[in-house]
Structures are given as structure tokens and as C-alpha cells.
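The structure under discussion appears below in the form of C-alpha cells.
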Amino acid sequence: MIAILLNALVITLMYFPHFEGVIWLELLDQFFILLFIVEAIVKIQDLKPKGYFADPWNRFDFFVVIASLPTLLMHFFPIPDTSLLLLLRLFRLVRLVRFISFVPHLQKIIAGLGRALKASLFVLLALFFLNFLLAIFTCHFYGARAPEYFGDPLVAAYSIFQLFTVEGWNEIPQAITQEGDHPVLIGVTRLYFALVVLIGGIFGMSLANAVFVDEMTMDNTDAIEDKINNMQQQLEELKHLLQQQQTDKE
């Protein structure tokens with residue numbers, strides 16, 4: 001894992017203009033490619049090909065190593081130095097996904113994430129259709145006034161989504177209103193975009209977040225409910241025992 005982090009750091013530095021073409025960074029990059037190749041070979045010899053490729057992480061690592069080979073071979077063979085071949089080394093950064101396996105209670109988190117996505121699907125679809133309707137409506141009325149925001153439905157949908165995230169809620173109405181507009185028109189425009197932010201941003205996005213978080217924490221809620229139910233059962237048993245002892249005394 002340390003090698004993966006160091007390799008990610010080296011690749012990141014190589015994309016800074018200040019470090020472009022630095023020889024020692026390129027040599028380090030080649031060293032990590034060789035290191036991962038040796039790692040794959042050793043694992044295959046130790047686990048045998050069948051055992052090695054039975055593990056999904058090993059298959060993923062092998063694919064990353066194969067995808068990195070052109071970057072190494074271009075220094076030994078006349079392989080065209082295309083941007084596509086250079087981009088293949090970025091696949092090695094995906095190896096950082098393996099750190100997810102060290103997250104505590106990963107299975108519960110994944111299960112909660114699946115429940116949250118399913119529960120949020122209806123809210124997200126509702127927000128999508130609301131975005132679509134508002135984009136068409138706004139494009140019709142304000143497209144000529146602010147084509148950079150509402151010139152076509154796609155651009156308008158992106159601008160409406162910005163308003164849903166409470167971004168640009170002030171700049172967009174100011175760009176639409178023009179000097180000399182009737183005060184009523186200015187007021188209606190501001191009221192309309194305030195409603196867009198209120199309905200889509202504050203209510204819609206907040207509802208989606210609330211549903212998502214509620215489903216993600218359902219495991220903890222179930223555990224608390226189980227503990228409460230056990231306590232109630234124990235209290236009922238204790239109450240029954242005290243009543244029985246009181247009856248025996250009488």
C-alpha cells in the first residue's frame with residue numbers, strides 16, 4: 001500500500017508543469033512499474049494462476065499492470081509517444097481503491113449505501129423531472145435575455161441545477177434583469193428564481209439528503225431498537241417476577 005501511495009504521489013508530481021520532464025521522477029515512475037510487475041509474478045508463482053486469478057483484487061491488479069506496460073516499453077521500443085499511452089499509467093492510481101477494504105464495518109456501509117440509493121431513487125427522479133420542466137420553462141421566458149444561462153434546454157438544465165445547489169442564486173437573476181425593466185418584471189423574476197431555489201434547493205435537495213442519511217444509518221437505528229426491545233422484555237420479566245413473589249407472600 002505504501003508503494004501505491006508513493007507511486008500516486010510521483011504521478012501527481014509529473015503532471016505539474018514545474019516537474020514536467022524531470023528525469024528522476026520518470027525513473028521513479030519506471031521503478032514502480034517494475035515493482036508491480038515483480039509483485040504480480042511472485043504472487044502468480046506463489047498462488048498458482050488459478051488461485052491468483054480467483055481473487056478479484058488480483059485480477060484488478062493484473063489489469064492495471066498490463067495497462068501500465070506501454071508506458072515502460074516505449075523507452076525500449078519505437079512505440080509512438082501518444083497521449084493515450086501516457087494516460088494508461090493513470091490506471092495505477094485506481095489501485096488506491098484497495099484502501100476501501102481497510103474501512104471498518106465495510107459490509108454494513110456498502111449495504112447501507114445500497115439501501116440509500118434505492119430509497120433516494122424516487123426523490124432523485126422527481127428532482128430530475130422538476131429540473132427538466134423548469135429548464136424548458138426558463139429557457140422559453142429568459143433564453144433571449146441570458147443565453148449564457150438559458151440559451152438552450154441543456155444549458156438551462158445546468159443553470160437550474162446550479163440554483164438547486166444554491167449556487168449563483170443572486171448572480172443569475174441579476175444577469176437576467178436589465179436596466180430600465182419595469183419594477184413588476186424585476187420583482188416577478190426575482191420571485192421566480194427564489195421559488196426555484198426554495199423548492200428545488202432547500203426542499204428537494206434537503207429531502208434527498210435526509211432520505212439518504214436515514215437509510216445509511218438504519219443499521220444503527222435497528223441496533224438501538226433491538227436493545228430497547230430487549231430492555232422492555234427484561235423489564236416485563238422482572239415485573240412478572242415481582243408480582244409472582246408478592247403473590248407467594250400473600
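Just so it is clear, the structure is predicted and the values come from calculations on it, not from any experiment. Basis for what follows: all heavy atoms, side chains included, without hydrogens, waters or symmetry-related copies.
Residues Phe19 and Leu28 share a hydrophobic cluster, clusters being chains of Ile/Leu/Val/Met/Phe/Trp/Tyr side chains in contact below 4.5 Å. Note on Leu133: it does not cluster hydrophobically with Tyr192, by side-chain heavy-atom contacts below 4.5 Å among ILVMFWY residues. Hydrophobic clustering places Phe36 together with Ile66 (ILVMFWY residues linked when any side-chain heavy atoms are closer than 4.5 Å, directly or through intermediates). Both Ile41 and Leu47 are part of a single hydrophobic cluster, where members link through side-chain heavy atoms under 4.5 Å apart. Val155 and Phe128 are members of different hydrophobic clusters when ILVMFWY side chains are connected at heavy-atom separations under 4.5 Å.
Atom CD1 of residue Ile176 and atom CG of residue Leu185 lie 10.0 Å apart, to the nearest 0.5 angstrom. Once rounded to the nearest 0.5 Å, the distance linking CZ of Arg190 with CH2 of Trp169 reads 10.5 Å. Note: Leu163 CG to Leu134 CG = 9.5 Å, rounded to the nearest 0.5 Å. Expressed to the nearest 0.5 Å, how far CD1 of Ile37 lies from CZ of Phe62 amounts to 10.0 Å. Rounding to the nearest 0.5 angstrom, the gap separating the OG1 atom in Thr177 from the CD1 atom in Ile172 is 12.0 Å. Between the CG atom of Leu235 and the CD atom of Gln232 there is a distance of 7.5 Å, given to the nearest 0.5 Å.
In terms of modelled atom types and a separation under 3.5 Å, the side chain of Thr138 and the main chain of Ala135 share no donor-acceptor contact.
For the pair Leu34/Gln30, no side-chain contact is recorded, criterion being any heavy-atom separation below 4.5 Å from C-beta on. Side-chain contact between Ile160 and Phe150 is present, with heavy atoms from C-beta onward closer than 4.5 Å.
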Item to check | Stepwise side chain to side chain contact (heavy atoms under 4.5 Å, CB included) check, Phe31 with Val10 | outcome: CA-CA 11 Å; Phe31 168 77; Val10 170; over 6 Å; no
Item to check | Check against side chain to side chain contact (heavy atoms under 4.5 Å, CB included), Phe32 and Leu6 | outcome: CA-CA 9 Å; Phe32 282 115; Leu6 291 176; 3.5 Å; yes
Next on the checklist: Set out, in order, the CA-CA distance, both residues' side-chain angles and the distance that settles side chain to side chain contact (heavy atoms under 4.5 Å, CB included) for Phe164 and Val196, then state yes or no.
Outcome noted: CA-CA 7 Å; Phe164 282 2; Val196 170; 4.0 Å; yes
Next on the checklist: Applying side chain to side chain contact (heavy atoms under 4.5 Å, CB included) to Phe53 and Asn58, what does each step give before you reach the verdict?
Outcome noted: CA-CA 6 Å; Phe53 289 105; Asn58 287 338; over 6 Å; no
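Heavy atoms from other residues, nucleotides or ligands lying under 6.0 Å from CZ of Phe161 number 12 at most. Counted within 6.0 Å of CZ on Phe132, heavy atoms from surrounding residues, nucleotides or ligands total 12 or fewer; the atom is thus considered open.
Among the candidates Tyr149, Tyr142, Phe137, the single residue satisfying the ring-ring contact (aromatic ring centres under 6.0 Å, His included) test with Phe193 is Tyr142.
Listed here is the closest heavy atom pair of Pro153 and Cys139: N-SG, 4.0 Å.
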